[in-house]
2 protein chains.
Amino acid sequence: MTQQLPCSQTGGSAADYHIHTGNCIDILPELPEKSVELIFADPPYNLQLKQELYRPNQTLVDGVDDTWDQFPSFESYDEFTRQWLSACRRVLADDGTIWVIGSYHNIFRVGKIMMDLGYWILNDVQWHKTNPMPNFRGVRFTNATETLIWAKKSEKQKKYTFNHQVMKQLNEGKQMTSVWQIPLCTGAERIKDEHGKKAHSTQKPEALLERVILSSSNEGDLVLDPFLGSGTTCAVARKLNRRSIGIEQEPRYVKIAENRLKTEGTQ
Amino acid sequence: MTQQLPCSQTGGSAADYHIHTGNCIDILPELPEKSVELIFADPPYNLQLKQELYRPNQTLVDGVDDTWDQFPSFESYDEFTRQWLSACRRVLADDGTIWVIGSYHNIFRVGKIMMDLGYWILNDVQWHKTNPMPNFRGVRFTNATETLIWAKKSEKQKKYTFNHQVMKQLNEGKQMTSVWQIPLCTGAERIKDEHGKKAHSTQKPEALLERVILSSSNEGDLVLDPFLGSGTTCAVARKLNRRSIGIEQEPRYVKIAENRLKTEGTQ
DNA sequence: TATAAAGGTGAATCCGCAC
DNA sequence: AGTGCGGATTCACCTTTAT
């Protein structure tokens, strides 16, 4: 079934990747049930954009609609969140886990909906940015973290992958905690466009994905990213000998990701 | 109106405190509207601990099994949360702010409801515990944080207190970030009962409250804690010359708090 | 008295399999 | 679903006891 969808793919090795162009809410139902061992999701939290794209009854929003209550963007964002999280839960294997990253703008809504859908939280990991953007006006605390929710599919789920010893080794022989000190993705790792500007506004550091993938999947496992963006998940998955599927709606990001994987693959 | 409620109180100074015995959902409606400059709330987390946990040396972990932390369902917890947060919003001054602390068990639900009620999040501060309890079985990451949501009353609110320079001074001259490294409340600071056991299962460190109160209130301001517990908020508020109101449902905790304030007051 | 060793403990959603 | 058993599993800090 996957092959019927428009996608770029490699073939043959234990680190194959597929990239699908489109909305994950449309594409995920075409993937086989329970076929994915690990999901990493970095969903958008641009409420304004989402309000333009979705509403609870699935129709497109065009202009002012006075049937909205006082929190239209929250409601539409919640509906969007419920849909992609539900679609992810269908393709997640019964012994799989999911990671979702977000900031205080969206992570509370996302976490609440994950709980409502039956996901069972294992940890809330804090990505502690060692070089955060300062709050120039001094009106708040410098926002130095993003939150990753790590969850299994259900409360009753017995089996899931956690490579405790691998994490311990990455932490000087001591048990890894839920606080990960990792710098922002900058410098050579940050992908630039033809004008030298950053090609993607929220490119995640590979070090972050390395911890996610190493801790909660094994070699040969299939990893899914429903909001692939610049392709970090597929790139790190391949480096660590995991298979991967990426889904990305914006053709320009798909191009960036494909080029990144092609380039890095020849290195 | 406050005086008509059963409460213990001091009189006269800029650091007066009042402690009310009862459920904050019942008591808050009796307090004047918009009368409080700062709220710190440490509500039940609804931990849902379902079994006993032993350390590797076979000793039993003294978990939080208090009945006040038990809720029959997410829905009932959400309804409870909506009620106390609404009641708090009524008594909060139009230029005031609120802090709510929680863990991954509850903070996503709390944050979502805060947003729905119109609160506008300023920061999600991470209390990074320097000495957390390890994950003894090695099946998850050591849970090393609790989350504090700091919010103003509404998106449109222009004024609120943030003592940027005070925070900067507490951080070696550098802008304070949203990650606070503070140890657990242990040792002499931890209040013990007559048997030498911890008097409250979730007593917060004074260092945490100091940052909260110093950053977002001024001397003479009125601080409210709707879940006073062992009285840390009132104790720190008095030390920092803030007036305070504490509400606590459990008579045994009220006694502890009153005794703590009486004792410390004579020092 | 000083130093070392031993013991206690913290908001925790903490095992997996065979029978 | 309940029981029993083999096996893997812990960090920082404070207090108490021992040398």
Side-chain angles (χ1 to χ4, degrees), chain A residues 95 97 111 114-115 118-124 149-165 167-168 171-179, chain B residues 41-74 77 100-110 126-148 181-193 195-205 207-208 227 229-230 232 253:
Chain A
D95 59 353
T97 58
M114 288 179 72
M115 295 171 84
Y119 287 109
W120 195 252
I121 297 176
L122 294 163
N123 279 117
D124 64 325
I149 297 175
W150 181 40
K152 54 182 182 177
K153 224 177 142 177
S154 71
E155 177 184 359
K156 301 299 178 198
Q157 178 179 341
K158 295 287 186 191
K159 269 189 63 179
Y160 60 91
T161 297
F162 179 58
N163 295 313
H164 171 66
Q165 292 296 344
M167 289 297 100
K168 199 168 170 177
N171 194 39
E172 302 170 343
K174 285 179 295 185
Q175 187 174 84
M176 182 77 83
T177 80
S178 60
V179 178
Chain B
D42 183 12
Y45 289 6
N46 190 23
L47 283 191
Q48 305 177 270
L49 305 179
K50 302 205 164 121
Q51 57 186 334
E52 295 186 324
L53 175 64
Y54 289 87
R55 304 168 194 274
N57 68 1
Q58 307 296 341
T59 63
L60 183 63
V61 173
D62 183 16
V64 178
D65 56 359
D66 309 79
T67 55
W68 51 256
D69 196 50
Q70 319 276 336
F71 291 80
S73 65
F74 287 153
Y77 185 79
V100 186
I101 186 170
S103 67
Y104 68 84
H105 309 82
N106 71 321
I107 199 64
F108 302 117
R109 313 197 78 84
V110 168
Q126 298 299 328
W127 171 23
H128 183 185
K129 304 174 185 179
T130 57
N131 53 346
M133 188 167 81
N135 186 291
F136 297 116
R137 306 302 296 263
V139 293
R140 303 180 180 192
F141 297 97
T142 297
N143 184 12
T145 65
E146 291 188 28
T147 298
L148 297 104
Q181 305 206 9
I182 296 173
L184 293 165
C185 180
T186 61
E189 186 185 334
R190 190 79 191 231
I191 300 172
K192 309 296 195 304
D193 65 14
H195 310 296
K197 296 292 178 188
K198 56 187 175 188
H200 191 285
S201 53
T202 69
Q203 185 182 344
K204 295 294 174 290
L208 189 75
F227 305 98
S230 58
T232 307
Y253 294 153

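Below, chain A is the first sequence line, B the second, and so on; all start at residue 1. FYI, side chains are in, hydrogens and waters are out, and symmetry mates aren't considered; it's all heavy atoms of this structure. These figures come from a predicted structure and were not determined experimentally.
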(request) Give the rounded distance in Å between these two atoms: NE2 of B/H128 and P of C/dG10. (result) 19 Å
(message) At less than 4.0 Å, is any side-chain N or O atom of A/K158 found next to OP1 or OP2 of C/dC15? Yes or no.
(response) no
(request) May I ask you to list the residues of residues 130-143 of chain B, by number, that have any heavy atom positioned under 4.0 Å from an atom of DNA chain D? (result) B/T130, B/N131, B/P132, B/P134, B/N135, B/F136, B/R137
(request) Please determine if a side-chain N or O atom of B/K197 lies less than 4.0 Å away from the OP1 or OP2 oxygen of C/dT9. (result) yes
(message) Between A/Y119 and A/E155, do the side chains contain a donor N or O and an acceptor N or O under 3.5 Å apart?
(response) no
(message) Rounded to whole Å, please give me the gap between CG in B/N46 and C1' in C/dA12.
(response) 14 Å
(message) By the 4.0 Å heavy-atom rule, please label B/E146 as base, sugar-phosphate, or nothing.
(response) base
(request) Quick one: label A/K174 by what it contacts on the DNA or RNA (base, sugar-phosphate, nothing), any heavy atom closer than 4.0 Å. (result) sugar-phosphate
(message) I'd like the C1' distance from D/dC5 over to C/dT13, given in whole Å.
(response) 25 Å
(request) May I ask you to decide if B/I191's main-chain N or O and B/Q203's side chain share a donor-acceptor pair within less than 3.5 Å? (result) yes
(message) Within the 4.0 Å heavy-atom criterion, would you say B/T202 contacts the bases, only the backbone, or no part of the nucleic acid?
(response) base
(request) Would you mind reading off the distance between B/L53 atom CG and C/dA11 atom P, rounded to a whole angstrom? (result) 14 Å
(message) Give me the stems containing DNA chain C, sorted by first residue, counting only three or more consecutive Watson-Crick or G-U pairs with both distances under 3.5 Å; say none if there aren't any.
(response) C:2-10 with D:11-19, C:15-19 with D:2-6
(message) What is the separation between atom OH on A/Y160 and atom P on C/dT13, rounded to the nearest whole Å?
(response) 10 Å
(request) Please check if any side-chain donor atom of B/N106 sits under 3.5 Å from a side-chain acceptor atom of B/Y77, or the reverse. (result) yes
(message) Here's a test of your reading of the structure: between A/I121 and B/N57, which maps to the more 5' nucleotide of DNA chain C?
(response) B/N57
(message) Without decimals, in angstroms, what is the distance between B/K129 NZ and C/dT9 P?
(response) 18 Å
(message) With no hydrogens and no angle check, just 3.5 Å: does a side-chain donor-acceptor pair link B/T142 and B/N135?
(response) no
(request) Determine, stepwise, if the pair B/K198 / B/D62 fulfils salt bridge (Lys or Arg N to Asp or Glu O under 4.0 Å). (result) CA-CA 10 Å; B/K198 56 187 175 188; B/D62 183 16; 3.5 Å; yes
(message) Regarding B/P205, tell me which of base, sugar-phosphate or nothing describes its non-hydrogen contacts under 4.0 Å with the strands shown.
(response) nothing
(request) For D/dA18 and C/dT1, measure between their C1' atoms and round to the nearest Å. (result) 14 Å
(request) Would you classify A/Q165 as touching base, sugar-phosphate or nothing, given that sugar-phosphate means primed atoms plus P, OP1 and OP2, and contacts are heavy atoms under 4.0 Å? (result) sugar-phosphate
(message) If you apply the rule side chain to side chain contact (heavy atoms under 4.5 Å, CB included), what do you find for A/K159 with A/Q157, and how did you get there?
(response) CA-CA 6 Å; A/K159 269 189 63 179; A/Q157 178 179 341; 5.7 Å; no
(request) Classify the side chain of B/R55 versus the base of C/dG10 as yes if they form a donor-acceptor pair under 3.5 Å and no if they do not. (result) yes
(request) Walking along DNA chain D from 5' to 3', note the first and the last nucleotide with an atom under 4.0 Å from a heavy atom of chain B, and give both. (result) D/dG7 to D/dT15
(message) At 4.0 Å (heavy atoms only), tell me whether A/D124 reaches a base, stays on the sugar-phosphate, or touches nothing.
(response) nothing
(request) Can you tell me the distance, in whole Å, between the CG atom of B/L47 and the C1' atom of C/dC14? (result) 13 Å
(message) As a test of the definition: with a 90° window around 0 for syn, would you call D/dT10 syn or anti?
(response) anti
(message) With nearest nucleotide decided by heavy atoms, which residue, A/G173 or B/Q58, maps closer to the 5′ end of DNA chain D?
(response) B/Q58
(message) Once hydrogens and angles are ignored, does a donor-acceptor distance under 3.5 Å link the base of C/dA11 to the side chain of B/K204?
(response) yes
(message) Less than 6.0 angstrom separating the ring centers of B/H105 and A/W120, yes or no?
(response) no
(message) In whole Å, I'd like the distance from the CG atom of A/D95 to the P atom of C/dC17.
(response) 11 Å
(message) Rounded to the nearest 0.5 Å, what separates atom CG in B/L184 from atom NZ in B/K129?
(response) 5.5 Å
(request) Take atom C1' in C/dG10 and the same atom in C/dC14, then report the distance between them in whole Å. (result) 15 Å
(message) Once you apply a heavy-atom cut-off of 4.0 Å, does B/Q48 come out as touching a base, just sugar-phosphate, or nothing?
(response) base
(message) Using 30° and 60° as the class boundaries, would you call the ring planes of A/F162 and A/W150 parallel, tilted or perpendicular?
(response) tilted
(request) Determine: side-chain N/O of B/Q51 to OP1/OP2 of C/dC14, distance under 4.0 Å, yes or no. (result) yes
